[in-house]
Amino acid sequence: EQVTNRSFDSYESYEYVHEAKDNLFKSYLPIQTGCNFNCTYCIVPAVKGREINHSPEKLHSKVDSLVKSGVREVTLLGQTINSYRWEKTRFADLLESLALRYPDTWFRFLTSHPVLFDLRIIDVMSRYDNLCPFIHIPAQSGSDKILKSMKRGYTVSKYLDLIATIRTKIPKVCISTDMICGFPGETEDDFNDSLDLMKKVRFETAFMFFYSERKNTVATAMLDSVPMEIRKKRLQQMIDLQMDLQSTIYQERLGDTVEVLVEGRARRGKDFLKARSTGNFPVFFEGGSDLVGTIQKVRLIHSSSHSFKAELVEREAINNV
């Protein structure tokens with residue numbers, strides 16, 4: 001709602017975008033534009049062109065400016081962000097340089113491609129506390145047949161191996177995904193394979209969609225289109241499963257003490273603040289407005305399928321810029 005209420009030029013590139021006018025301590029920073037992949041459902045390569053990366057020096061300069069303005073959390077953006085490359089600098093190098101240069105700033109990144117998620121990225125994330133243990137790594141489907149038709153470049157087995165490695169190396173990591181159902185040629189068995197993948201991985205969050213045709217993409221010319229009513233039915237099944245999984249996953253985290261960045265006043269609940277954990281969980285707890293924009297430690301005491309209620313454990317020093 002906040003995004004759609006603002007004016008953006010179609011397919012334009014932005015140096016950085018603050019999350020909202022009342023949340024200036026969180027910002028998004030594009031580090032690349034375009035994409036070198038050609039997933040058959042995706043319009044991005046057609047409208048954005050080939051991948052173009054920004055230099056580390058330029059990115060450091062922008063982060064300098066953001067941090068000086070009071071930003072506490074920066075989300076790096078790229079269509080396949082882990083493909084980032086500038087001369088000898090790879091994405092893992094960029095992450096490490098940011099972690100070292102801005103130790104009091106949280107960093108997240110979107111969106112990772114499974115084919116490009118190398119062990120160095122995992123290693124760097126495991127060594128720096130300000131690199132949030134949250135990874136968005138789209139699976140899209142749990143069927144090898146559909147993944148091949150999508151031109152994703154990996155198999156279900158390889159995806160599961162990657163997830164297992166990430167969970168082993170990064171304790172308490174939270175993993176989110178994109179899932180598409182009703183892609184051309186998807187049978188009931190293919191769809192059930194996607195549900196099975198979700199059960200095996202147990203994503204902390206998921207963005208789920210039924211397939212929607214995009215003009216000038218390869219998939220629009222594919223045969224065996226899935227009827228819209230079946231697409232919508234499968235999507236609801238997928239959402240129901242994810243909500244059940246999330247409810248269980250969130251309950252398992254009760255009692256944990258986590259760091260959160262306080263975003264502002266909660267809409268409901270007197271004296272409650274809304275915050276987000278390093279793992280990207282929504283968290284609500286009682287506290288004063290002076291905590292907005294600060295990083296605090298809280299204990300998770302109650303959960304739903306969407307968020308946590310918490311209590312303040314240790315009031316950190318307030319260092320608003």
What residues form a side chain to side chain contact (heavy atoms under 4.5 Å, CB included) with [X], not counting sequence neighbours?
X: Ser305; answer: Met243, Ser247
X: Arg167; answer: Ile163, Val173, Ile175, Val201, Glu204
X: Ser225; answer: Glu213, Arg231
X: His302; answer: Lys309

Sequence neighbours left out, what pairs pass side chain to side chain donor-acceptor pair (under 3.5 Å) with at least one residue falling in residues 108-117?
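Only Glu73-Arg108 qualify under side chain to side chain donor-acceptor pair (under 3.5 Å).
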Apart from Val226 itself, which Ile, Leu, Val, Met, Phe, Trp or Tyr residues share its cluster (side-chain heavy atoms under 4.5 Å, direct or through members)?
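Cluster partners of Val226: Ile230.
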Which hydrophobic side chains are connected to Phe284, either touching it within the sub-4.5 Å cutoff or through other members that do?
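Phe284 clusters with Phe272.
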Taking only residues two or more places apart in sequence or in another chain, which ones pass ring pair (Phe, Tyr, Trp, His ring centres under 6.0 Å) with Phe191?
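Here no residue qualifies.
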Non-hydrogen atoms of Thr220 and Arg214 that approach each other most closely:
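Where Thr220 meets Arg214 most closely, the heavy atoms are CG2-O, 2.8 Å.
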Pairs satisfying ring-ring contact (aromatic ring centres under 6.0 Å, His included), at least one member in residues 231-266, at least two apart
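Every pair satisfying ring-ring contact (aromatic ring centres under 6.0 Å, His included) with a residue in residues 231-266: Tyr250-Phe281, Tyr250-Phe308.
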With ring-ring contact (aromatic ring centres under 6.0 Å, His included) as the rule and sequence neighbours excluded, what pairs involving residues 201-237 come up?
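Residue pairs with at least one partner in residues 201-237: His136-Phe207, Phe183-Tyr211.
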Only counting residues at least two apart or in another chain, list the ones meeting side-chain hydrogen bond (donor to acceptor under 3.5 Å, both in side chains) with Asp224.
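Not a single residue meets the side-chain hydrogen bond (donor to acceptor under 3.5 Å, both in side chains) criterion with Asp224.
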Test of understanding: with side-chain hydrogen bond (donor to acceptor under 3.5 Å, both in side chains), list the residues that count as partners of Glu96, not counting sequence neighbours.
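Expected list: Arg127, Tyr128.
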